[in-house]
Amino acid sequence: MSDLRLEVNAAAPEHISTRVVLSNAAFTALARNVGTGQAQGHDPQVRVDRSREVRPGEVRERIALSSVLPDPTDVSVTLAVTSDGAAMDSVKLGEPARPKPFPHQDSAVLQWSVDDICVTCSADGATLSLADGDTVAIVQWEAQLPSFGTVTFEWLVEVEDDQGAVLPAPSEEALAAEDLADTLVSALREAGVVDQRVRPWLLQSLSDLNGLRMATRETPELAFFAAGVPWYLTLFGRDSVWAARLLLPVDLHHAATTLATLAHFQGTKVDIASAQSPGKIIHELRRAQFEAAGSASLPPRYYGTIDATPLWICLLHDAWKQGLAEEQVARLLPALQAALEWMVSYGDADGDGFLEYLDESGHGLANQGWKDSGDSIRFADGATAVGPVALCEVQGYAYEAGVKAAAILEAFDMAGAEKWRAWSAELAERFRRAFWCGSGDMRYPALALDHEHQPVDSLTSNIGHLLGTGILSPDEELVIAKLLAGPSMDSGLGLRTMSSSDAGYSPLSYHCGSVWPHDTAIVIQGMVNAGLVDYADGLVEGLLEASAIFAHRLPELWSGEGPAGVPYPAACRPQAWSAASAVTVATAMLARSADGRSVPRP
């Protein structure tokens with residue numbers, strides 16, 4: 001459906017309220033044109049309540065008209081439905097699309113198809129007609145609204161898609177949202193932490209994560225968290241790994257199934273068009289070619305990510321330490337070895353000892369870290385870096401992956417543990433020599449190295465991802481924590497992606513000054529892991545405040561400027577790693593309390 005319009009007695013009701021209730025929504029409006037002349041005063045006389053429920057393969061809506069009029073009133077309720085058949089990437093790009101004619105049908109059930117997707121719209125007690133050259137389907141009910149009574153109507157849309165790359169995950173393995181939220185809140189209360197913002201944020205976030213649980217058609221028994229709605233409701237290597245990793249304190253199952261899913265799609269050959277190489281973890285999976293902004297055109301299986309592979313290794317280790325069964329880990333050991341080999345054979349394309357990326361196809365993503373927009377890698381003066389690009393945080397991920405892989409190899413009596421420890425140690429020394437820039441109190445790791453191995457010297461949130469990876473010394477971690485807790489980086493509503501002092505800073509840009517909650521959560525977790533939890537106070541409070549501002553469902557990103565918070569215009573909401581950040585904040589608050597220091601309070 002590209003358009004859906006409700007009218008009561010040929011007029012659109014006046015919308016007054018939207019309420020999100022976990023995975024469903026409710027809308028309230030006023031039908032001021034019904035019963036005109038019978039009512040006294042300005043109070044609304046006829047209310048329209050719409051409750052919409054979304055389940056796998058269907059959307060069901062109930063429309064209730066409630067009256068306080070003294071007499072019964074005839075009402076005509078209509079839904080005008082159109083469908084332009086546009087693919088989601090076209091919708092995101094804002095490309096114009098004309099409504100397509102519906103096929104003529106004899107029954108009151110509306111059916112149509114878009115490519116391989118079959119849609120059925122039914123409405124009990126309604127009549128169906130076509131208008132505007134058959135491009136608008138009119139679903140119409142006629143009824144009498146009782147005085148001081150209610151009349152209801154229901155409609156249902158069902159979708160069958162046999163060719164999609166992903167499908168709903170098994171429902172019996174969903175997160176127990178209420179139980180998990182209550183467990184965390186109880187732990188906080190026992191630690192003396194009472195903050196009324198925590199539970200509703202946790203409950204909404206965990207419920208949203210259940211709504212984002214998907215599986216691939218090739219591995220239907222293995223759940224993962226799709227990146228976000230509406231643009232990225234599919235498997236994304238980096239996003240799915242981070243969502244599972246941030247959730248590890250409360251959920252091990254989805255880490256295991258995410259690891260197995262990504263191992264299934266692990267690269268096996270060199271293919272420039274898809275950026276695939278042996279051992280590489282996939283970036284995204286689509287049903288068809290994806291036309292992104294600019295000149296990017298991505299194949300259905302696209303591997304253009306520099307960080308998903310080391311992050312997959314880190315998740316495997318963390319899940320193992322969290323209690324992942326040895327037989328499950330053992331099944332993934334071949335994928336682990338392939339991922340390790342990828343880091344040195346393909347991830348380091350120019351042999352300089354750092355992981356870097358460069359789109360060789362000419363139609364892939366220009367930037368292949370988590371900040372993957374075309375202008376995201378900027379110098380402090382605002383100039384854009386030229387690739388190949390070696391991102392700072394990716395070196396931290398790689399260091400951590402080498403050390404953690406060594407622990408797994410050793411525990412499973414496999415060769416290579418010392419090799420990877422030595423490799424990581426050498427990487428840390430190279431990083432220390434090449435990445436640090438600035439001086440005095442403003443000495444910090446550069447965002448990246450460019451094609452000439454020159455430091456891209458902007459101050460960004462990326463350096464916070466280094467905390468707790470082990471690539472830094474304790475003194476270096478302290479320097480970074482102080483900078484990120486400072487006013488140029490902490491917006492008050494989360495961590496800025498770029499310092500407000502840099503020339504490229506823009507608070508409502510995609511990656512150059514906006515706030516991403518998952519980014520803030522990763523840095524909070526890094527501070528906790530580095531033993532610097534006290535520097536996380538402002539960031540924790542910022543996300544708690546944002547959770548209240550955004551009605552407990554955090555957008556993908558927002559502007560941290562101003563007191564109200566402004567979501568990015570095309571932000572996904574919900575977004576998997578944004579939702580998972582609620583668990584990170586709750587566990588950081590517990591760590592803060594256990595550390596004997598103050599905790600954020602309302």
Side-chain angles (χ1 to χ4, degrees), residues 1-10 12-13 23-27 48-65 75-92 95-143 151-169 171 211 214-217 220 226 229-231 233-234 286-290 300:
M1 288 185 175
S2 54
D3 197 16
L4 175 70
R5 298 178 185 270
L6 171 69
E7 290 188 349
V8 179
N9 286 5
S23 297
N24 303 308
F27 315 95
V48 182
D49 287 295
R50 303 170 68 181
S51 56
R52 185 176 297 169
E53 184 178 8
V54 180
R55 295 180 179 177
E58 69 176 45
V59 176
R60 185 182 300 273
E61 183 172 290
R62 179 177 181 270
I63 304 167
L65 272 60
V75 290
S76 176
V77 177
T78 61
L79 288 172
V81 180
T82 61
S83 175
D84 59 17
M88 190 57 72
D89 49 318
S90 299
V91 176
K92 188 174 192 293
E95 296 177 345
R98 294 182 177 180
K100 293 186 174 182
F102 289 106
H104 282 270
Q105 292 156 82
D106 297 329
S107 70
V109 176
L110 178 65
Q111 292 182 314
W112 73 98
S113 62
V114 179
D115 297 327
D116 299 314
I117 302 171
C118 298
V119 188
T120 302
C121 180
S122 55
D124 289 344
T127 59
L128 172 67
S129 61
L130 300 178
D132 291 350
D134 297 342
T135 61
V136 179
I138 305 296
V139 179
Q140 185 168 9
W141 295 272
E142 302 287 347
V151 62
T152 62
F153 314 92
E154 290 191 5
W155 61 276
L156 171 69
V157 175
E158 298 171 285
V159 178
E160 294 182 6
D161 179 10
D162 294 331
Q163 301 299 319
V166 296
L167 62 162
S171 59
M214 305 295 287
T216 73
R217 194 164 294 280
V229 173
W231 317 120
L233 193 63
T234 188
R286 301 275 187 174
R287 67 182 300 130
Q289 191 89 1
F290 177 67

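For clarity, every value in this text was computed on a predicted model and none was experimentally measured.
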(message) Looking at R98, I want to see if its CZ is surrounded by more than 12 non-hydrogen atoms of other residues, nucleotides or ligands under 6.0 Å.
(response) no

(request) Answer whether the closest heavy-atom distance between the side chains of V91 and W231 falls below 4.5 Å. (result) yes

(message) Check this for me: does any side-chain nitrogen of one of E7 and R5 sit under 4.0 Å from a carboxylate oxygen of the other?
(response) no

(request) For the pair W141 (side chain) and V75 (backbone), establish whether a donor and an acceptor sit closer than 3.5 Å, ignoring hydrogens and angles. (result) no

(request) Using modelled atom types only, decide if a donor and an acceptor are shared between the side chain of R217 and the backbone of L167 within a distance under 3.5 Å. (result) no

(request) Step by step, work out the side chain to side chain contact (heavy atoms under 4.5 Å, CB included) result for V109 and T120. (result) CA-CA 7 Å; V109 176; T120 302; 3.4 Å; yes

(request) Assess whether side chain to side chain contact (heavy atoms under 4.5 Å, CB included) is satisfied between R287 and D161, documenting all intermediate values. (result) CA-CA 11 Å; R287 67 182 300 130; D161 179 10; 2.6 Å; yes

(request) Measure the acute angle between the ring planes of W112 and F102, then classify it against the limits of 30° and 60° as parallel, tilted or perpendicular. (result) perpendicular

(message) Quick check for you: to the nearest 0.5 Å, what is the distance between N9 atom CG and L65 atom CG?
(response) 8.5 Å

(message) So L110 and Q105, do their side chains get closer than 4.5 Å, heavy atoms only?
(response) yes

(message) side chain to side chain contact (heavy atoms under 4.5 Å, CB included), that's the test. Do L6 and V48 meet it? Break it down for me.
(response) CA-CA 10 Å; L6 171 69; V48 182; 4.1 Å; yes

(request) With rounding to the nearest 0.5 Å, note down the distance linking CZ in R60 to CH2 in W155. (result) 11.0 Å

(request) With rounding to the nearest 0.5 Å, note down the distance linking CD in E58 to CG in L156. (result) 5.5 Å

(request) First locate atom CG of L128, then atom CG of L79, and finally report the distance between them rounded to the nearest 0.5 Å. (result) 11.0 Å

(request) Quick one: do I117 and V159 satisfy side chain to side chain contact (heavy atoms under 4.5 Å, CB included)? Show the steps, please. (result) CA-CA 7 Å; I117 302 171; V159 178; 3.5 Å; yes

(message) Please report the interatomic distance CZ(F27) to CG(D49), rounded to the nearest 0.5 Å.
(response) 11.5 Å

(message) Heavy-atom count check: over 12 atoms from other residues, nucleotides or ligands less than 6.0 Å from E160 CD?
(response) no

(message) Within the 4.5 Å heavy-atom criterion, are V119 and S83 side-chain neighbours or not?
(response) no

(message) Under a plain distance cut-off of 3.5 Å, with no hydrogens placed, do Q140 and T78 share a side-chain donor-acceptor pair?
(response) no

(message) Using side-chain heavy atoms (C-beta onward) and a distance below 4.5 Å, is S51 in contact with E61?
(response) no

(request) Any chance you could measure R52, atom CZ, to N24, atom CG, to the nearest 0.5 Å? (result) 10.5 Å

(message) Please check: side-chain N/O of T135 versus main-chain N/O of P99, any donor-acceptor pairing under 3.5 Å?
(response) no

